[in-house]
Amino acid sequence: MENAGGPFPQSGACYTGHMTNSTQPRQQPGRGPADDGDPPFDLPDAPGLERPSISARALQRPEVPYLENLNPEQREAVEHLDGPVLVLAGAGTGKTRVLTTRISHILASRRAFPSQILAVTFTNKAAREMKERIGHLVGGTVEGMPWLGTFHSIGVKILRRHAELVGLRSQFTILDPDDQLRLMKQVIEAEGLDKDRWPARQLANLIDSWKNRGLTPDKVPQGEGFAFAAGKGAKLYAAYQHRLKDLNACDFGDLLLENLRLFREHPDVLADYHKRFRFILVDEYQDTNIAQYLWLRILAQGCPNVCCVGDDDQSIYGWRGAEVDNILRFEKDFPGAKVIRLERNYRSTGHILGAAAGLIAHNKGRLGKTLFTDDEAGNLVSVAGVWDDEEEARSIADEIERLRKSGHGLNQIAVLVRASAQMRAMEDRFITVGLPYRVIGGPRFYERQEIKDAIAYLEVTSNPSNDLKFERIVNVPKRGLGDTSVKRVHELARARGIAMFDAAREIIASEELPGKARKALSDLVQAFERWRSQIDNLKHTELAELILDESGYTAMWQADKSPQAQSRLDNLKELVRFMHDFETLNGFLEHVSLVMDADQSNDGERVSIMTLHAAKGLEFDTVFLPGWEEGLFPHQRALDEQGQAGLEEERRLAYVGITRARRQAHISFAQNRRLRGLFQAAIPSRFVDELPEAHVEVREMKSPFGGAYANPQNLYGNPYGRSRFEEAQPQFRSSYSTPGWQRAQNARTQQPTPAASRSPLTIEGQLVASSTAEGAGYKTGDRVFHSKFGEGRVAEVDGNKLTIEFKTSGRKRVVDSFVRPI
DNA sequence: GTTCGCTCACTTTTT
DNA sequence: GTGAGCGAAC
């Protein structure tokens, strides 16, 4: 839009050789008129020094309030605008604040227009937050930052403008992983391979990893290309890319890869972007993969003012292509880079930081930071050994109850697990004691089957040539169009080079299909045509309702008797409600293809349960970290497959976990864990022993676990062999007089089948009814519905605790707020 | 074309 | 122990 080189005062700034100046303070003389608009920020309190001209002072703001709350390092990171900067921001050191203030500063000092700043994040959430915070800082109405977004959203934006240059049309669709897999299957079959021997899943992973590394089919290293299907890996990759082009589609990896191609093959286009971007900012740099790195680097060629913010100690996504190396290598990539360390932590107490620091110090190959705080030392990090995972869940629930009674908000409590399988024990326990919780992560809104189906209907209505979406719902709900019919349509479409939807139309006109299938297909095609003709007449939300209704999709779930059916229907309603936020159907669909998350409603006080990965970037007053056992954390698989690197990444994950806590962290490990159905003895994680003694308090170890902790010499010595906790023997009685345990005992005697129901671990924790009203008034015989266990009948009432005979899950004792009457 | 039952594998997951 | 995915039986 506004062309760079336009009216902007400092147009030359990007092209001078600032790299070499990076060790000097700002204020380079003789850089043109714009310097006048650049107040001497480094001398805010030195009025006696040389001052800019009167006219310049009249232009500049009298003060810069947004800079005042920064510490010296943050301030330097904000003000060092020229040349490359790497900000190593430890956990809780104000990383986002630096980023947003820096952008505000660039804007306020008129060094660039909003449209000349490229700011990339990994998640939509991060992008959203940044926008909001910049809005606050700059005050009210910043006209949007068009180039603040995720790598992918910016990639799409660029690609849509120049799609035809890389063999796409600008309306190209973005495949979700489901579509991707379906396409992959087709490619494998088209190649005449046995799809059982060569699973599409595996090929998808392989291709993804190539794309992460910026490799196009012709660049795949020989050896790796042969890894799949006896040497056909690279060939299948090429075929897949070819099919994508046919479909006018892209997968997520392509969004960046095609950008790279575009920039490489069309220097004029690249030059445009070089002119445009004066400042580049990158969040979470430690998480960039090679493709993202290449993308940044090629854009940065035109603009030395690159500022990357990250923390090598929080790199936990190596397994999906993130290269910690990118951040470790920054100074080599950007010669003369200024490296600024943010080490003053504003989040946690001294003991929490001490524990985290001691742990992460065991990693090699760090850039090295030492966090410190002016906060009080606070509570020691607690470490507790428990008998098994059930007791672990029980003691956590008890502690939370205790905190709740003392006024601790549940929203400020989180349980962070290594693997989602651990969540079940927590959920079961929380349900039993009536502790409201929400599960964060898990299948996200747009990944749910019903939502994807609904969107497929909407998408085909809007764009009938989206074959993959058409295939998805052609027989959902079942309308007698099985594999054979679909295959016919598919073959005709391929043979004629037309969309399946059009092929279907032709097939109906012919006599090719048996009467029943033909009728069904004909009805479907007509329905879509009818809906399509309504796009302009009906409000898109009404159209959506109409489609879901007429297609029989809603009816399908209404007829479904599984416990999840109701929540699926609720989700569909939620989807329609969500569509209200958009002007048009197409606007909505574009959003959906890129933004897979929907804002989770924050209803009321709940404990959060999530994986450690999902917790990155969040913080809570109190954090529980269960499952610190060898094999689980560090995970055996990480060790087996990645060796030392895997171990270090696991350790970083532990570091992330501890540093989520503001006031208190509780670590626990079980001596026995139910894994894949059977009990297995476990030994405490080596990470437990790596925690520095001075910051740790061992709980519930005093009498029952006798010896170990009382014998300091056991604490040291062989760090990975024998643990100071290993010999600890649990004795029954320690924590077993707590109210929670008593309650559990009661519950157990009446609940002979613990956790019989095995419904999927979804987000259901947040779907449960929240009417905690005392005496909701259930009586024996009432029919009730539970979002996890399904339908049941009240067998016993004990205050607000109900014993319910569930149809499918057997007898359960739950708190009344978790069920609703039917 | 649909449904049932067996086998398999099973860390983390944004866009 | 459990969910997905596939082949065999209706």
Side-chain angles (χ1 to χ4, degrees), chain A residues 120-127 149-156 174-177 180-181 185 195-196 199-201 205 208 211-212 250-256 283-284 287-289 291-292 315-322 416-425 440-444 446-447 449 475 477-487 514 516-517 520 564 591-597 610-617 627 631-642 646 649-650 652-653 656-657 674-679 753-762:
Chain A
V120 273
T121 63
F122 274 83
T123 63
N124 292 297
K125 192 172 156 219
T150 62
F151 278 98
H152 296 268
S153 65
I154 291 170
V156 180
I174 301 159
L175 262 50
D176 64 35
Q180 203 181 335
L181 213 58
K185 263 184 200 142
K195 67 172 166 36
D196 297 328
R201 173 83 262 145
N205 288 337
D208 262 357
K211 288 186 174 178
N212 282 158
C250 257
D251 64 21
F252 279 116
D254 286 334
L255 296 178
L256 286 171
D283 191 15
E284 307 275 19
D287 286 339
T288 48
N289 62 31
Q292 287 155 341
S315 164
I316 53 175
Y317 285 111
W319 50 274
R320 66 178 193 211
L416 311 181
V417 299
R418 175 62 183 83
S420 40
Q422 291 169 260
M423 290 182 184
R424 186 159 290 159
I440 295 180
R444 281 180 308 283
Y446 289 113
E447 273 169 34
Q449 186 191 346
N475 199 29
K478 305 225 154 44
R479 44 173 75 91
L481 291 166
D483 284 351
T484 34
S485 312
V486 175
K487 212 167 190 167
K516 213 172 138 205
Q564 289 86 16
H591 171 85
V592 165
S593 64
L594 219 51
V595 181
M596 297 297 279
D597 70 340
M610 69 190 95
T611 63
L612 286 158
H613 283 91
K616 195 169 85 158
L632 179 62
F633 192 31
H635 202 280
Q636 193 56 46
R637 211 149 152 172
L639 302 182
D640 290 348
E641 289 168 13
Q642 306 291 328
E649 183 154 316
E650 295 285 294
R652 291 192 291 268
L653 199 50
V656 167
R674 198 188 285 272
L675 248 176
R676 290 178 214 152
L678 30 117
F679 266 107
T753 43
S757 159
R758 302 283 77 146
S759 56
L761 239 200
T762 56

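These numbers were taken from a predicted model, which means no experiment stands behind them. Here is how names work: the chains are called A, B, and so on, in the same order as the sequence lines, proteins then strands, and each is numbered from 1.
A close approach under 4.0 Å does not occur between any side-chain nitrogen or oxygen of A/T611 and OP1 or OP2 of B/dT11. Residue A/N289 has no polar side-chain atom (N or O) positioned under 4.0 Å from OP1 or OP2 of B/dT15. One finds a side-chain N or O of A/S485 lying less than 4.0 angstrom from the OP1 or OP2 phosphate oxygen of B/dG1. Close to B/dT15, at under 4.0 Å from its OP1 or OP2, lies no side-chain N or O of A/S153. Between B/dT14 and A/N124, no contact under 4.0 Å exists linking OP1 or OP2 to a side-chain N or O. The side chain of A/R637 contributes an N or O atom lying less than 4.0 Å from OP1 or OP2 of B/dC10.
Side-chain atoms of A/R320 lie closest to B/dT14 of the nucleotides B/dT14, B/dT11, B/dT15. Nearest nucleotide to the side chain of A/R424, out of B/dG1, B/dT12, C/dG3: C/dG3. In this structure, the nucleotide among B/dT2, B/dT11, B/dG1 sitting nearest to the side chain of A/E650 is B/dT11. Among the nucleotides B/dT3, B/dT12, C/dG3, the one closest to the side chain of A/K478 is B/dT3. When distances are taken from the side chain of A/A419 to each of B/dG1, B/dT12, B/dT2, the shortest belongs to B/dT12. Listed nucleotides B/dT15, B/dG1, B/dT3 differ in distance to A/T150; the shortest reach to its side chain belongs to B/dT15.
Regarding A/H152, its NE2 atom lies at a distance of 8 Å from the P atom of B/dT15, rounded to whole Å. Between the CE atom of A/M610 and the P atom of B/dT12 there is a distance of 15 Å, rounded to whole Å. When the P atom of B/dT13 is taken as reference, atom CZ of A/R201 falls 14 Å away, rounded to whole Å. For the pair A/D208 CG and B/dT14 P, the interatomic distance rounds to 13 Å; values are reported in whole Å. Taking atom CD of A/Q292 as the reference point, atom C1' of B/dT14 lies 9 Å away to the nearest angstrom. Atoms CD (A/Q642) and P (B/dT12) sit 15 Å apart, rounded to a whole Å. Atoms CG (A/L639) and C1' (B/dT11) sit 12 Å apart, rounded to a whole Å. Spacing between atom CD of A/Q636 and atom C1' of B/dA9 amounts to 16 Å, rounded to whole angstrom units.
Of the inter-residue distances, the one linking A/Q422 atom CD with A/R424 atom CZ reads 12.5 Å to the nearest 0.5 angstrom.
Counting heavy atoms from C-beta on, the side chains of A/F633 and A/L653 come closer than 4.5 Å. At least one side-chain heavy atom of A/I174 sits under 4.5 Å from a side-chain heavy atom of A/V156. Taking the side chain as every heavy atom from C-beta outward, A/R201 and A/L181 approach each other to under 4.5 Å. A/Q642 has its side chain out of reach of A/W319: every pair of non-hydrogen atoms, C-beta onward, lies at least 4.5 Å apart.
A/A638 comes within 4.0 angstrom of a base, heavy atoms only. Backbone-only engagement by A/N475 is indicated by non-hydrogen atom pairs under 4.0 Å involving sugar-phosphate atoms exclusively.
An aromatic stack links A/W319 and the base of B/dT12, using centre distance under 5.5 Å and interplanar angle under 30°. Ring-base stacking between A/H613 and B/dT12 is not satisfied when judged by a centre separation under 5.5 Å and a plane angle under 30°.
Annotation: of the two residues near DNA chain B, A/G480 and A/Y317, the 5′-most nearest-nucleotide partner is A/G480. Nearest-nucleotide positions on DNA chain B place A/V486 closer to the 5' end than the other of A/V486 and A/H635.
Taking the six-membered ring for Trp and thresholds of 30 and 60 degrees, A/F252 and A/H152 have ring planes more than 60 degrees apart, a perpendicular arrangement.
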